[in-house]
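Report on the structure given below.
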Amino acid sequence: MAQEGSRHIFVNAGPIAHFSTGDLSKPLVGLEMSSDEQIHPTGWGFVIESGRFSAISPSDEVLSEFGQNSVVHDLSGRAIIPGFVDAHTHLLWDGDRSKEMRMRQQGMSYAEIAAAGGGIRYTVTQTRGSDNLLDIGRSRMQTAIGHGTTSIEVKSGYGLDTESELKLLQLYSDLQKESEQLRMSLTWMGAHDIPHGLKRSEYVEQILSEQLPAVIEQGIATSADVFCEPGWFTLEDTEEICKEAKRAGLSIRLHVDEFANGDGLELAAELGAVTADHAIHSSDDARASASEAGTLQGFLPGTPYVMGSEHWPPIQKCIDEEWPWTLATDFNPNCQSLSIPMTGSLVAHRLKIDPIAALAAATRNPATAFETESECLQGVITVGAVANFSQLKSESVESWCQSPGHSPILKTWRL
């Protein structure tokens, strides 16, 4: 971090993926996501003052106007991209579910594994009994930063009772106070699964009468999420929980239609959710409704990858129809990746999505629905935006998602 008020100038950049065209409060869609207009040519530079971009222009102009009394950094022709906005993670949990891979390979479904003692409930038991969550969180945050992430959405959901959910949210708050490198958006997800020993209706009542009011009183979470999926929380449950959360000032982020089309995306649009994630099996009508409502489709390709599924999100369809979409890691006990570049690799290599479009989906687009205590423009490189950016090892922007297993990031800056 730079000292307050200090001025840094960066010169001799390779191409700069700025993604700053049009209305910055809205996501990019369709072909504008991969347009050459989103990239400044090689040789430009920029100025950073008090943690914000204050000028962006060719390097010789930057040096001429701002070179005096500035700290000068030579970017040596390396490509520059905004810091990644990882808008869907389950960062805090303990326990090991590695054995579930063999169970899936033997033909067991997600629901069957949960019924056999695995799944979310197993992680809940391990997390409730853990006294190591802060250290676990610190380590995972550093992993995310090392892969270029500068903003991250984090969910509770491995507590499933009032005391444990409040504890997870408080731990997130503590971790945020420790970190100057990673902005957090905190989401309460008490409706992640049904605790052992309770009926679904009983737990929903507990959420509404006890857990949600306590979360509101605590005042840490800015969003609420529900696992709206056949076999978990119904459309009626989800609507009731979300309406109560909205009345209390929380925005809505939902898990929908991961395993089947349960009309979750349609409900998300009706509720005005900022994002509806997974959305693999949603109907085209629901996708159109979400686009009209301003609800982002949050795609998490790491999940079908680790689950061995052949059902991938219909990203090219979204591009063709100009429906807004995002990418995130979905870091969780089954999908243990905090690498947005790996996520980008999956859609670029497996789905043949343009790497510049994929980059927009991991920077500007999720930033439009990202909430933190300090509202700020992020996910773009433009005057007034927060100075979170990464210098790639390559001179090509496209390299950001072409080294699966290795970080393409030379250095991530937050000044």
Side-chain angles (χ1 to χ4, degrees), residues 84-106 108-110 113-114 116-130 132-160 168 171-172 175 179 182 184 187 189 192-193 225 227 255 258-259 277-278 280 298-309 311-313 326-347 349-350 362 366 401 403-409:
F84 298 128
V85 179
D86 191 351
H88 186 125
T89 76
H90 303 260
L91 193 71
L92 275 186
W93 48 268
D94 204 350
D96 185 353
R97 283 164 51 189
S98 301
K99 65 182 181 181
E100 291 182 15
M101 175 182 280
R102 292 187 69 210
M103 299 167 79
R104 290 193 297 273
Q105 290 174 342
Q106 292 165 6
M108 294 180 68
S109 70
Y110 190 89
I113 291 171
I120 293 169
R121 290 179 183 175
Y122 174 83
T123 302
V124 167
T125 300
Q126 300 300 307
T127 301
R128 285 178 179 176
S130 177
N132 197 36
L133 290 173
L134 269 178
D135 287 340
I136 289 172
R138 292 182 185 113
S139 176
R140 291 172 181 165
M141 289 169 68
Q142 288 305 309
T143 297
I145 292 166
H147 286 83
T149 296
T150 56
S151 298
I152 190 168
E153 186 261 6
V154 293
K155 303 178 190 294
S156 68
Y158 289 113
L160 301 191
L168 286 172
L171 288 170
Y172 280 133
L175 287 168
S179 175
L182 195 61
M184 281 189 180
T187 298
M189 197 181 177
H192 196 189
D193 200 354
D225 197 345
F227 193 58
H255 285 58
E258 179 179 1
F259 306 119
D277 297 349
H278 290 295
I280 291 176
F299 294 132
L300 315 171
T303 303
Y305 170 71
V306 300
M307 301 293 281
S309 172
H311 296 287
W312 293 86
T326 66
L327 290 174
T329 63
D330 192 23
F331 178 81
N332 68 65
N334 275 325
C335 183
Q336 295 193 42
S337 172
L338 282 163
S339 172
I340 288 285
M342 179 63 191
T343 302
S345 172
L346 288 173
V347 299
H349 288 118
R350 295 291 183 89
C401 62
S403 56
H406 302 277
S407 176
I409 308 298

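Below, each value reflects all heavy atoms present in this structure, side chains not excepted, and no hydrogens, waters or symmetry copies. Residues take their numbers from the sequence shown, with the count starting at 1. These numbers were taken from a predicted model, which means no experiment stands behind them.
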Contact check, side chains of [X] and [Y], non-hydrogen atoms, under 4.5 Å:
X      : Y      : value
Phe299 : Leu346 : no
Val85  : Thr326 : no
His88  : Lys155 : yes
Thr343 : Pro301 : yes
Leu92  : Val154 : no
Phe331 : Thr143 : no
His311 : Pro304 : no
Ile340 : Leu327 : no

Next item on the list: Go through the steps to decide whether Tyr122 and Trp93 satisfy the test ring pair (Phe, Tyr, Trp, His ring centres under 6.0 Å), and finish with yes or no.
Entry: CA-CA 11 Å; Tyr122 174 83; Trp93 48 268; over 10 Å; no
Take atom [atom1] in [X]; do more than 12 heavy atoms of anything else shown fall under 6.0 Å from it?
X      : atom1 : answer
Tyr305 : OH    : no
His349 : NE2   : yes
Arg350 : CZ    : no

Next item on the list: Indicate whether the side chain of Asp330 and that of Thr303 have a donor and an acceptor atom separated by less than 3.5 Å.
Entry: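 Indeed, the side chains of Asp330 and Thr303 share at least one donor-acceptor pair under 3.5 Å.
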Next item on the list: Would you tell me whether Asn132 and Ser130 have side-chain atoms, one donor and one acceptor, within less than 3.5 Å of each other?
Entry: no
Next item on the list: Would you name the heavy atoms of Pro404 and Met342 that are closest together and state the gap between them?
Entry: CB-SD, 3.6 Å
Next item on the list: Looking only at non-hydrogen atoms, find the nearest pair between Met141 and Ser179 and report the distance.
Entry: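 Heavy atoms of Met141 and Ser179 come nearest at CE-CB, 3.4 Å.
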Check: Parallel, tilted or perpendicular for His192 and Phe227, by the 30°/60° rule?
Finding: perpendicular
